[in-house]
Structure formats: structure tokens, C-alpha cells
Amino acid sequence: MAVDILIGLQWGDEGKGKIVDVLAPTYDIVARFQGGPNAGHTLEFEGTKHVLHQIPSGIFHPHIQNIIGNGVVLDPIVFRTEMQKLQDRGVDASQNLFISKKASLILPSHKVLDRVSEEALGTGKIGSTLKGIGPTYQDKIGRVGLRIGDILADDFQDRYTRLVDRHRKTVEFYGQTLDLGDQEQIFFEAVEYLRTLKLVDSEYMINDALNSGKRVLAEGAQGSLLDVDFGTYPFVTSSTTLVAGACTGLGVAPRHIGEVYGIFKAYCTRVGSGPFPTELLDEVGDQIRKAGNEFGSTTGRPRRCGWVDLPSLKYSIMLNGVTQLNMMKADVLTEFDTIKVCTHYKLASGEVTDQLPHSFDTETVEPIYEELLGWKVDLNQIDTVEALPEAFNNYMTFLEQHLEVPITIASVGPDRKSTLRREKASV
Ligand code: GDP
Ligand code: IMO
Ligand code: MG
């Protein structure tokens, strides 16, 4: 069987957690392949809301095996809290959760490094979630990092101390001192807990599952425009958020890739710094933020809001080989008489293009919009595609024609149930 992959096409928070939870019942395995506690994936069902950070969004289905793959950076402290929260809801994840021995460990000192590095950047700061993501991936690529498998070694404490000593010197380089307070003790307690769980060679587990005809869904974190190579660098995260990241982050060969679900909001948001061509700094942006409750699931920060941006969606679709689109949160736009869609950018030279410039720093980009009629109907109350208003269908058709990929799911509310599957797409 093939691995299907769900990828965010914008700057994250598209609604990945919700759709993975919705799609999960038809899969045997759900696996995270990159990122870490910078992610906040929200699931809502049966009147409760749950935010997952490192645990895959298939965890509420006991028959599904959930894997934290080798490409993930895992914070044991955050992880333990997540497991406890699940336990409080009556979910015992210890039986259907598997963690790759090759996943990287986030230490308390990585979080300090994240903070001092951001402080040193001053006004040029990335707006990191301060979860230690960048420093942990730096250590991985620098070949000095610790991995989950290391916690099983007799000399784990020595390996830990050696790495923290390196971090101490780096923090001193920034003119600060490394003070970890009680975090080390909490970290070691959390590591002790991790040792009791299923630590596996997940690349074998996944490939064996594929060979025996099982279905695997890979759950992306962040979004394509935060990808370390193709995103709005340097205002990106430190991992490969694209489909390619699922190959290296799970140990799956490219020929095993099946469907690629590309997920996007009917508008656009971004948290943290960096370019955002269609950003609305006026009351329209405020209205979207309010209607969409656009505040970060991980940090609580207000999300920047703007109209949907087709050049960047086309770019993400191209980079990921998207086969199906999932459009989220259209219900948020209900109040608007008209809705704008950015179809092209106008560059400073006057050139009109639908391609992203090499750098948004050196190139001024003015979005060119088409204005479509709003639907003015509360989509949240609609439970069949046949009942969708014409103006909303026209909006989807317009996007499909530009993006050349069918929208197979339209999400019209945060709950599992507010999910409409479309068989008849216009492309
Ligand atoms: P993720 O990081 O991609 O999983 O997305 P987040 O969970 O960070 O952010 C998406 C937010 O939108 C969450 O609060 C979801 O509960 C909510 N949400 C998801 N789909 C819809 C939808 O169709 N309509 C509305 N109104 N909210 C949604
Ligand atoms: P999910 O999976 C939205 C953003 C941060 C910052 C930049 C770098 O919930 O969609 P990092 O902590 O990774 O070094 O921060 O990336 N960022 C996200 N924005 N959703 C996320 O995850 C994000 N993860 C990181 O705000 O701008
Ligand atoms: Mg999120």
C-alpha cells in the first residue's frame, strides 16, 4: 500500500489536526514526520476540544497505531504533559503510540538557546515559538544531538552533560548564563517516563505495515511556506515541512507515496514575523481574526490574517504534488458581502506574475485581487454539499480552476461533523 500525506499549504494552522482526525478511521497508522512542540493541532468532537503538539492526531482512535517518526524533535517534558491530558480524558495512549528511537530530543537548554538567539536577532527575530526547535535541529544536522534511543544507553547522563556543556558555552557567547532551574530534574523525570513507552525502529514498522497491505497517513506539521528550503526564509521553521520531509522523516521511499492532501484556509493566516503579501492590517483583518478565533494553539499569539493567496497556493501545490485539496474555515467568511482572492502579484518593475519572488525583502509585491460575491449564509448549519449556497460553490470552482486540483473536502466548522466531502469537483 501507499503512504498518503497531509500537508499544510500556507503558514501553518490550516486545520491539519481536524482533518487527520476525520480521515484517520480509514487508516491503520497515523505518523508525524517532522516538527515538534511548535505544532498545535486542534481536534473537536463530542463537545470537547483537544490540542495536540507532538502526538499524532489519530490518537483518539484506539485501533490506530500512532507513530512519532524519526524526523520529529521531541520534548519529553511537553510530551509527558500531553500524555497526562489524554489520560485525564480517559485516553490511554501508551498502547497505541510508538516513538522512533531516531527522533531527536529537545533538552531544556535548547529552549534557552532558542530564546537567546531570538533576543540577539532583535527586530529581525523570527517569532519562534521558543520551544527549542531551531537549536535542536541545528544539533541534529551538526551531528552532536541526542536521540530518543540514547535514553536507553547506560551513559545517557554523560552524553546529556556533554551536550549541555556545549550549550552553556553558546549561551555565554550571547553574553548570558545558562540557568536551567528545576527544568533538569523535570526533564529527567520525563525521560524516565519515556523509557516505559514503546520506543521502536519506526522505519521497519512502517515499511512492514505497507508490505502487509496496511494504510498509512502521514501528518504534516507547520506549512509549506514555513519550509526551511522553500518557505519565506529566514522566517521559517527548521524542518522540511513538504512531502519530501515524510520520506526522510519516516523512512519511506518516494515510490510509496499515494494521495497528497493539501490543506488550506479559505483565507490566510500567519503567526510570527515574515512576509505576508495579502495581510490585512485593517478592520477586515480584525473581523476575520475574531470570526475565525485566530489565536495560536501553541502560544496564544494573535494570528495575522489576510485574503487567500493563489500564487503561494500554486507554489505549495507544485512543491508537494498535491492530488486533493481540503478547504477549511469557509464559515468564517460568512459575514462578508464580497470576498477577495489574490490571483497574481505585481512587482515593482510593473511585471505581473503568479510566481513567488526569490525574496520578499528585495522585491515589493502588490497583490492583485479578484472580488467574488460572498455567500452570506451560515455554512456551519449545512450538512450536505447539495445544500451549499451557489455563491460558495462559485468560490470553490473559481479556486479549483486556478489551482487545477479538486477540492474534495470543505470544512465548515471546527467539529468533526462539520466536514463536507465533495465528489463532483470542477477539475
Ligand atoms: P493545525 O495546526 O493545522 O492543526 O490547525 P490549528 O488547530 O492550529 O488551527 C485551526 C483552528 O481552526 C482550530 O482552532 C480548529 O478547531 C479550527 N477549525 C478547523 N476547521 C475549522 C472550520 O472549518 N471552521 C472553523 N470555524 N474552525 C475550524
Ligand atoms: P502547526 O503545525 C503556525 C512558526 C512560528 C515562527 C516560525 C518559526 O500548528 O501548523 P519555530 O518555533 O518553528 O522555530 O518557529 O514558524 N510556526 C508555526 N506557525 N503553525 C505552526 O504549527 C507553527 N510552527 C512554527 O510562529 O514564525
Ligand atoms: Mg496549529
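Whatever order the structure lists them in is the order used to number ligands and atoms, beginning at 1.
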(request) Return the residue, atom name and 0.1 Å-rounded distance of the protein heavy atom closest to atom 14 (O) of ligand 2. (result) S128 CB, 3.8 Å
(request) Would you check whether T299 reaches within less than 4.0 Å of ligand 2, judged by its heavy atoms? (result) no
(message) Counting only heavy atoms from other residues, nucleotides and ligands, does the tally under 6.0 Å from CZ of R166 exceed 12?
(response) no
(message) Could you identify the single nearest non-hydrogen protein atom to atom 4 (O) of ligand 1 and state the distance to 0.1 Å?
(response) G17 N, 2.8 Å
(message) Suppose I only count heavy atoms of V332 and a 4.0 Å limit; which atoms of ligand 1 are within that range?
(response) 26 (N)
(request) Drop me the distance from I64's CD1 to R215's CZ, to the nearest 0.5 angstrom. (result) 10.5 Å
(message) Out of all atoms in ligand 1, which are within 4.0 Å of some heavy atom of S411? Include the element for each.
(response) 20 (N), 21 (C), 22 (C), 23 (O)
(request) With the side chain counted from C-beta on, respond yes when L325 and I409 share a heavy-atom pair under 4.5 Å apart, and no when they do not. (result) no
(message) I'd like to check which ligand 1 atoms, numbered from 1 as shown, lie under 4.0 Å from a non-hydrogen atom of H41.
(response) 1 (P), 2 (O), 4 (O), 7 (O)
(request) Starting from atom 27 (O) of ligand 2, find the nearest protein heavy-atom neighbour and note its residue, name and distance. (result) V271 O, 3.2 Å
(message) Counting non-hydrogen protein atoms only, what is the nearest one to atom 27 (N) of ligand 1? Give residue, atom name and distance.
(response) K329 CE, 3.4 Å
(message) Are more than 12 heavy atoms, taken from residues, nucleotides or ligands other than D88, located less than 6.0 Å from that residue's CG atom?
(response) yes
(message) Are D337 and K376 packed together at the side-chain level, in the sense that at least one heavy-atom pair is separated by less than 4.5 angstrom?
(response) yes
(message) So for ligand 2, is N38 a polar contact partner (N or O within less than 3.5 Å, distance only)?
(response) yes
(message) Below 4.0 Å from ligand 1: does a non-hydrogen atom of G12 turn up there or not?
(response) no
(request) Using a 4.5 Å cut-off on heavy atoms from C-beta on, say whether the side chain of V216 contacts that of D28. (result) no
(request) Using a 4.0 Å heavy-atom threshold (strictly under), name the region of W11 that reaches ligand 2: side chain, backbone, both or neither. (result) backbone
(message) Tell me the nearest of G127, P37, G272, G17 to atom 5 (C) of ligand 2, using heavy-atom distances.
(response) G127
(message) Suppose we measure from atom 23 (C) of ligand 2 to each protein heavy atom; which comes out shortest, and what is that distance?
(response) Q222 CG, 3.6 Å
(message) To check your reading of the model: name the closest protein heavy atom to atom 4 (C) of ligand 2, its residue, and the distance in Å.
(response) L226 CD1, 3.9 Å
(message) Could you check whether atom CD of E119 has more than 12 heavy atoms from other residues, nucleotides or ligands sitting under 6.0 Å from it?
(response) yes
(request) With heavy atoms of M328 as the reference, note each atom of ligand 1 found under 4.0 Å away. (result) 20 (N)
(request) Look at atom 12 (O) of ligand 2 and say which protein heavy atom is nearest, naming residue and atom and giving the distance to 0.1 Å. (result) T129 OG1, 2.6 Å
(request) Specify the protein heavy atom at minimum distance from atom 1 (P) of ligand 1: its residue, its atom name, and the distance to 0.1 Å. (result) K16 N, 3.5 Å
(message) With a 4.0 Å cut-off on N to O distance, would you call K18 and D21 a salt bridge?
(response) no
(request) Kindly say whether F98 contributes a backbone atom to a donor-acceptor pair with the side chain of Q65 at under 3.5 angstrom? (result) no
(message) Regarding Y315 and D354, do their side chains bring together a donor and an acceptor under 3.5 Å, going by distance alone?
(response) no
(request) Report, as yes or no, whether the 6.0 Å neighbourhood of atom OH on Y233 holds more than 12 heavy atoms from other residues, nucleotides or ligands. (result) no
(request) Among all protein heavy atoms, pick out the one at the shortest distance from atom 10 (C) of ligand 1; state its residue, atom name and that distance to 0.1 Å. (result) D13 O, 3.7 Å
(message) Quick check on contacts: which atoms of ligand 1 are under 4.0 angstrom from a heavy atom of E44?
(response) 16 (O)
(message) Among all the protein's non-hydrogen atoms, which is closest to atom 15 (C) of ligand 1, and how far away is it?
(response) T42 CB, 3.9 Å
(message) Can you tell me if G8 contacts ligand 2 (heavy atom of the residue under 4.0 Å from the ligand)?
(response) no
(request) Identify whether the distance between the nearest side-chain nitrogen and carboxylate oxygen of E294 and R303 falls below 4.0 Å. (result) yes
(request) Assess whether atom NZ of K417 is packed by more than 12 heavy atoms of other residues, nucleotides or ligands within 6.0 Å. (result) no
(message) Taking a cutoff of less than 4.0 Å between a non-hydrogen atom of the residue and any ligand atom, is R303 in contact with ligand 2?
(response) no
(message) I want to check a possible cation-pi pair here: R304 against F276, using under 6.0 Å from ring centre and within 45° of the ring axis as the test.
(response) no
(request) Have a look around the Mg ion (ligand 3) and list protein N/O/S atoms under 2.8 Å, or say none. (result) D13 OD1, G40 O
(request) Indicate yes or no: does an N/O atom of S273 lie under 3.5 Å from an N/O atom of ligand 2? (result) no
(request) Looking only at protein heavy atoms, identify the closest one to atom 8 (C) of ligand 2 and say how far it is in Å. (result) V236 O, 3.4 Å
(message) What protein heavy atom lies closest to atom 2 (O) of ligand 1? Include the residue and the distance to one decimal.
(response) G40 O, 2.8 Å
(request) Assess H41 for proximity to ligand 2: is some non-hydrogen atom of it under 4.0 Å away? (result) yes
(request) Would you mind telling me if ligand 1 is within reach of the side chain of I263, the backbone, both or neither, using heavy atoms under 4.0 Å? (result) neither
(message) Would you say that H61 contacts P25 through its side chain, given a criterion of any heavy-atom pair below 4.5 Å between the two side chains?
(response) yes
(message) I want to know if ligand 2 touches T237 in the polar sense, i.e. an N/O pair below 3.5 angstrom.
(response) yes
(message) Taking NE2 in H63 as the centre, count heavy atoms belonging to other residues, nucleotides or ligands within less than 6.0 Å. Is the count above 12?
(response) yes
(request) Please say whether I133 places an N or O atom under 3.5 Å from an N or O atom belonging to ligand 2. (result) no
(message) Tell me whether the count of non-hydrogen atoms from other residues, nucleotides or ligands lying under 6.0 Å of CD in E335 goes above 12.
(response) no
(request) Look only at interatomic distance and state if S238 has a nitrogen or oxygen under 3.5 Å from any nitrogen or oxygen of ligand 2. (result) no
(message) Would you say that P406 contacts E400 through its side chain, given a criterion of any heavy-atom pair below 4.5 Å between the two side chains?
(response) yes
(message) Using a plain distance cutoff, I'd like to know if G12 has any nitrogen or oxygen under 3.5 Å from a nitrogen or oxygen of ligand 2.
(response) no
(message) Within the 4.0 Å heavy-atom shell around A221, which atoms of ligand 2 are there?
(response) 2 (O)
(message) Using 0.5 Å steps for rounding, measure from the CZ atom of R168 to the CG atom of L178.
(response) 5.0 Å
(request) Indicate yes or no for a side-chain donor-acceptor contact from S100 to the backbone of K102 under 3.5 Å, with no hydrogens or angles considered. (result) yes
(message) Students should be able to answer this: which protein heavy-atom is nearest to atom 20 (N) of ligand 2, and at what distance?
(response) D13 OD1, 3.1 Å
(request) Between K18 and ligand 1, find which residue part has any heavy-atom pair under 4.0 Å and reply side chain, backbone, both or neither. (result) side chain
(message) Tell me the closest heavy-atom pair linking Q222 and T241, and the distance in Å.
(response) CB-CG2, 3.8 Å
(message) Between D150 and Y160, is there a side-chain donor-acceptor contact under 3.5 Å, judged purely by atom types and distance?
(response) no
(request) Ignoring hydrogens and angles, tell me if any N or O in the side chain of R270 forms a donor-acceptor pair with the backbone of P275 under 3.5 Å. (result) yes
(message) Please list, in number order, the atoms of ligand 1 under 4.0 Å from a heavy atom of R303.
(response) 8 (O), 9 (O)
(message) Under 4.0 Å from a heavy atom of G413: which atoms of ligand 1 are those, numbered in the order shown and with their elements?
(response) 20 (N), 21 (C), 22 (C), 23 (O), 24 (N), 25 (C)
(message) Quick test: of every protein heavy atom, which one is nearest to atom 24 (N) of ligand 1, and how far off is it to 0.1 Å?
(response) D331 OD1, 2.8 Å
(request) Compute the minimum heavy-atom distance from R301 to ligand 2 and say whether it is under 4.0 Å. (result) yes
